[in-house]
There are 2 protein chains.
Amino acid sequence: MATIKDVAKKAGVSVATVSRAMNDKGYVHENTRKLIDEAIRELNYKPNEVARSLYNKKSRLIGLILPDIRNPFFPELARGVEDKMQEHGFRLIIGNADEQLDKELDYIETFKQNNVIGLISASTNAVLTHYEKLSFPLVLLDRTSDHHPSVQADGYEGGRLAAKELVSRGSTRITLLKGPVELQTAQERFKGAVDELFNANVHFDVMTTASFAFHNAEYWAKELFEKYPDTDGVIASNDVVAAAVLHEAHRLGKKIPEQLQIIGFDDIPFSQFLYPPLSTIRQPAYEMGREAAKLLIRQINGETLEAKRIQLPVQFIERQTTRKEERND
Amino acid sequence: MATIKDVAKKAGVSVATVSRAMNDKGYVHENTRKLIDEAIRELNYKPNEVARSLYNKKSRLIGLILPDIRNPFFPELARGVEDKMQEHGFRLIIGNADEQLDKELDYIETFKQNNVIGLISASTNAVLTHYEKLSFPLVLLDRTSDHHPSVQADGYEGGRLAAKELVSRGSTRITLLKGPVELQTAQERFKGAVDELFNANVHFDVMTTASFAFHNAEYWAKELFEKYPDTDGVIASNDVVAAAVLHEAHRLGKKIPEQLQIIGFDDIPFSQFLYPPLSTIRQPAYEMGREAAKLLIRQINGETLEAKRIQLPVQFIERQTTRKEERND
DNA sequence: TCTGTATGTGTAATCGGTTACATAAAAGAG
DNA sequence: CTCTTTTATGTAACCGATTACACATACAGA
């Protein structure tokens, strides 16, 4: 690997001049610049980011903490972040916290130790204190905070919408799956749905699904139909759980959507391939990722955003686990 | 952030001694060690990885290149790699190449510039020349090479198995979906299936699916049934494509598995939730990730493995897109 | 007691960049 | 033709670790 010294020697100048030429700082004579550019090209010189980072105390790396890379919602978020960051020359270190606090802390430590220039966290842990004294900017993704900029979808409206659509399509004994207690967004969805169901004066039961992971989803689904065999409408906490519910409903021979309507949350790519294709509340995951990246970049560029909160709209995606709306023409 | 100097000052020794104490190199007096440990604890000192990496010319970071983080097969691989690496104190930089060569090259450059200590690549690009002159060890994942250690599933056997199961369950007009030409593993599966079908003397057609991504899968599915409306057995190139085929089959009102059998490849978590649950050839993705990590770690520890190749077995997962086998009792 | 080895620690060079500061030449002002 | 300002470049310190080397002391064997 060629170093800046090699370039300097080849171009017949000092390393300082090479550095200035590369970073467009200070004065460099036109002719000198040409010599340097040529030397760089010939040696195929690429500056050592580590050395740079040591002096500057910041790298070009961005930390991204995801709670569970296996839930397709998060890769989608990650793509949004990645694409936007790419445009600005930043790279991602993705840390998969696996919904465990110690793993999350491990990654934060790694990020610090590697001089990341900023951090985006979609962690699901309730405890946020470890984010208080960071030396680099932070954006929270898929969750809110009073102390940090954040990006999330309008969970409350999403819950409301899910309930409204289910009611207007004729479900009368609804089961509401409540996501993990520590997960803000899940709680907001829940609140939205509850409010709407109260308003509409529809009977509903509540069951808590304490995780979003695949291997648990099946279990929740079974429990759901044991506890509430007569339910005719399920508002799932996310699409993974909805898929499990749908699967279990088939197993029990229920007709969907005639006997049972199901509505999910997220709209992951797979939902369209379920049978029947899953009606769901869409979160614009990719966009959320991009917005989070934008917020972080603004902070990196020196703006202080305090607790700026960006909330993106959700949308009902009508597929076929819900019935056609009864028109009152 | 406390530095090694602060620790040295607090413990009343030189930085060299602190460094020796931390890395267990050279002699350090028992009492001195205690002083240092205490200073470290009190200052909550964590060594700066960047400085370390600059001197050592290697960090604790591992590069991982994935072709498409949205295809659930790859997060599963990534988890395997991550978990194993975690056990050894290494961290991952995940690069999503998006099936584009230039993005892949970008990431390789980033990895070099950040002194990664090793690289695992599950890239789909046929061109491997850019892996020739790396200064750190490499493991290829989900693909083979004559020049580098690699880990993959037994694609040939997988293809054979898929064909065999479909035939023995009564399909007579099989359509074989052939994955992207540049993708070795896809080609091996294809070859395995072709050989088996020839052997069994069963009629089959071939259609090429030039990508594995979600947004294309639907298109391939439609094309499939336009070209071969009478097919009664589909061997899909992976589970994502299989899901799309299943979806399209439903749309066309085909009875599954009575009229049409479908068999996928990968066994991603979602496959069990499809309707009917998808029969598929399982690749042990998580294990593959772990094995790749192991191979890399062995190289990092100084073993030279040349082109060691690890091939993991695949397995037919019988669910309900295939019929019960006709017993010849 | 003398010598050789094992133990313990500090000084300073090093990794590959960036930049403060010094210096010199060129350009512009009067 | 001076004097000031702008342009151009080099020297050396610095970022925070690691380690070669020098040196000092302790301990062992003869």
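Because only heavy atoms are used, hydrogens play no part in the values below, and waters and symmetry mates are left out as well, while side chains stay in. In what follows, every chain begins at residue 1, and chains take the letters A, B, ... in the order their sequences are listed.
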TODO: Mark up nucleotides 24-29 of chain D, 5' to 3', with B wherever a protein heavy atom is under 4.0 angstrom from a base atom, S wherever such an atom reaches only the sugar-phosphate, and - elsewhere.
DONE: ------

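- Contacts of Thr3(B) with the nucleic acid, taken as non-hydrogen atoms under 4.0 Å apart, involve only primed sugar atoms and P, OP1 or OP2.
- Distances shown here put every side-chain N or O of Asn56(A) at or beyond 4.0 Å from the OP1 or OP2 atom of dC15(D).
- In the helix from dT1(C)-dA30(D) to dG30(C)-dC1(D), the rotation axis of the first five pairs and that of the last five pairs differ in direction by 40°, rounded to 10 degrees.
- The CG-P distance, from Asn115(B) to dG16(C), rounds to 9 Å in whole Å.
- In this model, the phosphate group of dT19(C) is approached by a side-chain N or O of Lys25(A) to a distance below 4.0 Å at OP1 or OP2.
- Glu99(B) meets the side-chain hydrogen bond (donor to acceptor under 3.5 Å, both in side chains) test with no other residue; sequence neighbours excluded.
- For the pair Lys58(B) and dC15(C), the criterion of a side-chain N or O lying under 4.0 Å from OP1 or OP2 is not met.
- Spacing between atom CE of Met1(A) and atom C1' of dG17(C) amounts to 15 Å, rounded to whole angstrom units.
- Taking a cutoff of 4.0 Å between a charged side-chain nitrogen and a carboxylate oxygen, Glu303(A) and Lys308(A) do not qualify as a salt bridge.
- With dG16(D), dT18(D), dG17(C) as the choices, the nucleotide that has an atom nearest any side-chain atom of Leu54(A) turns out to be dG16(D).
- The closest side-chain heavy-atom distance from Thr124(A) to Phe212(A) is not below 4.5 Å.
- Residues satisfying the side-chain hydrogen bond (donor to acceptor under 3.5 Å, both in side chains) test with Gln311(B), not counting sequence neighbours, are none.
- Taking atom CG on Leu43(A) and atom P on dG16(C), their separation rounds to 14 Å, with Å as the unit.
- Nucleotide dT9(D) holds its C1' atom 17 Å from the CE atom of Met22(A), rounded to whole Å.
- Among residues two or more places apart in sequence or in another chain, the side-chain contact (heavy atoms from CB on, under 4.5 Å) test is passed with Glu76(B) by Arg70(A), Pro269(B), Ala285(B), Tyr286(B).
- Spacing between atom NZ of Lys57(B) and atom C1' of dT14(C) amounts to 10 Å, rounded to whole angstrom units.
- By the side-chain hydrogen bond (donor to acceptor under 3.5 Å, both in side chains) test, Tyr45(A) pairs with no residue at all, sequence neighbours left out.
- Between the CG atom of Asn48(A) and the P atom of dG16(D) there is a distance of 17 Å, given to the nearest Å.
- The nearest whole Å value for the distance from the CD atom in Gln113(B) to the C1' atom in dG17(C) is 12 Å.
- Take Glu42(B) and apply the salt bridge (charged side-chain N to carboxylate O under 4.0 Å, His left out) test, not counting sequence neighbours, and it matches Lys10(B).
- Judged as a side chain to side chain donor-acceptor pair (under 3.5 Å), the pairs with a partner in residues 104-122 of chain B (not counting sequence neighbours) are, in order, Glu82(A)-Tyr107(B), Gln86(A)-Asp106(B), Arg91(A)-Thr110(B), Ser53(B)-Asn115(B), Glu104(B)-Ser123(B), Glu104(B)-Asn125(B), Glu104(B)-His130(B), Glu104(B)-Tyr131(B), Ser121(B)-Tyr131(B).
- Between the CZ atom of Arg79(A) and the CD1 atom of Ile69(B) there is a distance of 8.0 Å, given to the nearest 0.5 Å.
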Per-pair distances, 0.1 Å, donor-acceptor, side chain in residues 26-38 of chain A, under 3.5 Å, sequence neighbours excluded:
residue	atom	partner	partner atom	Å
His29(A)	ND1	Asn31(A)	N	3.0
Arg33(A)	NH2	Ala21(A)	O	3.2
Arg33(A)	NH2	Asp24(A)	OD1	2.8

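- Partners of Asn301(B) under the side-chain hydrogen bond (donor to acceptor under 3.5 Å, both in side chains) rule, at least two apart in sequence or in another chain, do not exist in this structure.
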Task: B/S/- contact track for nucleotides 3-10 of chain C, protein heavy atom under 4.0 Å - done: ---SBBBB

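- Atoms OH (Tyr55(B)) and P (dA13(C)) sit 13 Å apart, rounded to a whole Å.
- For Glu291(B), the salt bridge (charged side-chain N to carboxylate O under 4.0 Å, His left out) partners at least two apart in sequence or on another chain are Lys294(B).
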